[in-house]
Amino acid sequence: MTSVSSKLPTDDVSLLVVIIDTNPLFWTTLNSNFGFSEFLSHVLSFLNSILLLNQLNQVVVIATGISWCDYVYDSSTCVSKRAETLLDKLEEFVEKDESLSTEDSADGVAPSLLSGSLSMALCYIQRVFRSGSLHPQPRILCLHGSPDGPGQYVSVMNAIFSAQRSMVPIDSCVIGAQHSAFLQQASYITGGVYMKPEHFDGLFQYLSTVFATDLHSRSFLQLPKPVGVDFRASCFCHKNTINTGYICSVCLSIFCKHQKKCSTCGSIFGQAQLQDSSTPDKKRKTPSQ
Amino acid sequence: MLQKDINGGGRGFNRDEEEEEDEEGNRGDRDAWERTYTDERSWEALQEDESGLLRPIDNKALHHAQYRRRLRTASAVRIQKGLIRYLYVILDFSRAATEMDYKPSRMAVMAKQVEAFIREFFDQNPLSQIGLVILKDGVAHCLTDLAGSPEAHIRALMGKLECSGDASLQNGLDLVNELLNQIPSYGHREVLILYSALCTCDPGDIMETIQKCKKSKIRCSVIGISAELYICKYLCQETGGLYYVALDELHLKELVLEHAPPPPAIAEFAISNLIKMGFPQRAAEGVVSICSCHKEAKVGGGYTCPRCKARVCELPTECRICGLTLVSSPHLARSYHHLFPITPFNDLSPSVLRYSQNSAKNCFGCQQSLQNPGNQRVSCVTCPNCKHIFCLDCDIYIHESLHNCPGCESFKHSTNAVPMEE
């Protein structure tokens, strides 16, 4: 009951918030024989194994669709019939997602609402932090496949920084064909693991070897290292990735060439002074006495 | 000595507490376990309820009201914010800072709060810079130059914790004025002064110095540790800063941290400009090279300046060789929430809820039940855009840290269906 023992029981108890991408447009484009139902069977066994690893472990599942996100499972509220409850809720969710989505997805795969589900996950985790000093160690696992939505950039970054501040790692497992720049940055900034499996048939093995261990045990493992995250910015005017560019001092918009007027905030830029005027030879004078 | 009297009288402990302490003092030194309780003053957080039982004070409602006030002032209108700030923190480490009215001393408390402030400041303003100036023995000296690394400032501050002599406001302002005149024109010049003395010992006319600061468009804010001073108030009025006097340590913390988010920009204070910046790429792991900041050979990590190819250890920084500002895209993204703030949520009164169809039982964000054990609604808020309901804790978290409304984010904007139509 004293402060000595209060820390011990929690450092291997984890709260895992899993974000599942249910984007139907993405799952139909994945042409191999790995479909959503196979994916789910891998994930369900993974969730079961997490709950078996420690009786106090907690799992929360959030589904991410193209028009909305919702909680589909919380192990703290439903104890029995795990898979059934999850699948029922998920089916309900997918149906509603379908009914909400309007048929305007003309060009390519519409992005899933990653920012929404990340925000919900963080709110949930914050509630666990509030619950007292004896809380499980939270982490977020994104099982994501659909491409990044550029419109979500600011909100995804906001969520990432908030996670970083509350020291919640965001692990990501990308199921799609290409890498996700959002999730690469998310895992890099928050100190989580980013992985893109080669063979989807062995998804359960990837999940259980990389993402099942609690945060404390992670330090003893050789986990996949970040391959290199591209932190270069792209300019607002041509969407090119640039090495050096010009930043508007008022709204921080990025341009690749010098402009007279900011296209985002409309401020007119002062004359000259393209270079940063601060020079290395800073004069120091002793204070007047 | 006059100072001491004023402090003693102005601050003073609660009468009851003093009596209590006296009683215990009779028994000689207190035991260790007793001391922890007297320091925490846990009894102050208790109140009697109607049946005479002791209950902890319900801080939650109080807390929330406080936060709402802060939010309202912050996001009244979408105002331009000064995102690129050059801030000098002036710490008064004169004799007055040895006073023990803050535990263990004013100096230690100031240093602790400034440390927290520096971290929070760089978290919120990644492109800004801080410098530290210390007032003591009648002079001001610059502890650290304007720079962007929180750790370097904190290390320098913690290594210099000693106080003596008198404080000179004029010397401090003169020094800072000189230093801030060298910064580029697009930057916002600011000074934050933590002043604990009740006098200033100046070599000349301080009014002239204040006018000089006003002319160089330096926004000066003062946080008093002891009592209100006319000269500080005048300084803040003239330069457009804020002047507050801290009541206790908690209040001091609040006042200091209030300066972390970027202040509203005053148009003529900084000229809008395009700043040339470099976006260096992270060097591959395992490459050995000499970094330009520590002049040491390092393996792996590090960034390469795109213009002169010098190696730097951390971002954001200024290239030591060519002077180019080096940032990464997340640093810019970190400031975007100041530009696109989310709308404040509206209060929902329980009576309105009962009749509305919008009767979600749980908070949309954290799934916390919004009903008391007695089946009564707890107070909650709703987002004016997506109409989802949130609990008060989520409300604070969403506005203070997350800067996203989970409801708006988890509903596609292009569809025009009503979110809660069940």
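Below, each value reflects all heavy atoms present in this structure, side chains not excepted, and no hydrogens, waters or symmetry copies. Here is the naming used below: chain letters follow the sequence lines, and residue numbers restart at 1 for every chain.
Contact annotation for A:Gln152: neither backbone nor side-chain heavy atoms come within less than 4.5 Å of a heavy atom of chain B. For a residue to count as touching a neighbouring chain, one of its non-hydrogen atoms must lie under 4.5 Å from one of that chain's; by this rule A:Leu118 does not touch chain B. Looking at B:Asp123, the atoms closer than 4.5 Å to chain A (heavy atoms on both sides) all sit in the side chain, from C-beta outward. Contacts between A:Tyr188 and chain B at a heavy-atom distance below 4.5 Å involve the side chain alone, from C-beta outward. The part of B:Leu127 that comes within reach of chain A is its side chain, from C-beta onward, which places non-hydrogen atoms under 4.5 angstrom from that chain. Looking at A:Ile66, the atoms closer than 4.5 Å to chain B (heavy atoms on both sides) all sit in the backbone: N, CA, C or O. Only the side chain of B:Cys391 comes within contact range of chain A, with at least one heavy atom under 4.5 Å from a heavy atom of that chain.
Using a 4.0 Å cut-off between a side-chain N of Lys or Arg and a carboxylate O of Asp or Glu, A:Arg127 and B:Asp393 do not qualify as a salt bridge.
You'll find the side chain of B:Phe390 stays beyond 4.5 Å of the side chain of A:Cys123, heavy atoms only. With a 4.5 Å cut-off on side-chain heavy atoms, B:Leu274 and A:Phe255 count as touching. Annotation: side chain of A:Gln126 is not in contact with side chain of B:Cys366 (no heavy-atom distance under 4.5 Å). A 4.5 Å side-chain heavy-atom check between A:Val250 and B:Tyr186 finds every atom pair outside the cut-off. Counting heavy atoms from C-beta on, the side chains of A:Val154 and B:Tyr336 come closer than 4.5 Å. Under the 4.5 Å side-chain criterion, counting only non-hydrogen atoms from C-beta, A:Tyr246 is not in contact with B:Ile275.
Rounded to the nearest 0.5 angstrom, A:Met157 CE and B:His403 NE2 are separated by 13.5 Å. Considering CG of A:Leu114 and OG of B:Ser410, their distance stands at 12.0 Å, rounded to 0.5 Å. Taking CE from A:Met120 and CD from B:Gln367, the interatomic distance works out to 6.0 Å, rounded to the nearest 0.5 Å. The CZ atom of B:Phe279 sits 8.5 Å away from atom OG1 of A:Thr244, with the distance rounded to the nearest 0.5 Å.
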query = Is there a side chain to side chain contact (heavy atoms under 4.5 Å, CB included) between A:Tyr124 and B:Cys394 once you walk through the steps?
reply = CA-CA 9 Å; A:Tyr124 191 92; B:Cys394 276; over 6 Å; no
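In summary, the side chains of A:Ser115 and B:Glu409 do present a donor paired with an acceptor at a separation below 3.5 Å, with no hydrogens or angles considered. Under the 3.5 Å distance criterion, with hydrogens and angles disregarded, no donor-acceptor pair is assigned to the side chains of A:Arg130 and B:Gln368.
Pairing each heavy atom of B:Leu402 with each of A:Ser119, the nearest pair is CD2-CB, 3.8 Å. Here the closest non-hydrogen pair linking B:Met277 and A:Ile247 is SD-CG1, 3.3 Å. Of all heavy-atom pairs between B:Ser329 and A:Tyr153, the closest is O-OH, 4.0 Å. Minimum interatomic distance between A:Tyr71 and B:Phe364 (heavy atoms only, all atoms of both residues): CE1-O, 3.9 Å. Across A:Ser162 and B:Tyr397, no two heavy atoms sit closer than the pair OG-OH, 2.7 Å.
The candidate from B:Gly407, B:Cys405, B:Pro306, B:Gly365 with the greatest count of non-hydrogen atom pairs under 4.5 Å with chain A is B:Gly365. Listed options B:Leu332, B:Ile398, B:Leu326 were ranked by heavy-atom pairs under 4.5 angstrom with chain A; first place goes to B:Leu332. Contacts with chain A were tallied for B:His331, B:Arg334, B:Gln170; B:Arg334 has the most, counting heavy-atom pairs under 4.5 Å. Contact count versus chain B (heavy atoms, under 4.5 Å) is highest, among A:Ser253, A:Ala163, A:Ala159, for A:Ala159.
Panel note: side chain B:Asn404, backbone A:Ser155; a donor-acceptor pair is recorded below 3.5 Å. Using modelled atom types, one side-chain atom of A:Ser249 and one backbone atom of B:Asn273 make a donor-acceptor pair closer than 3.5 Å.
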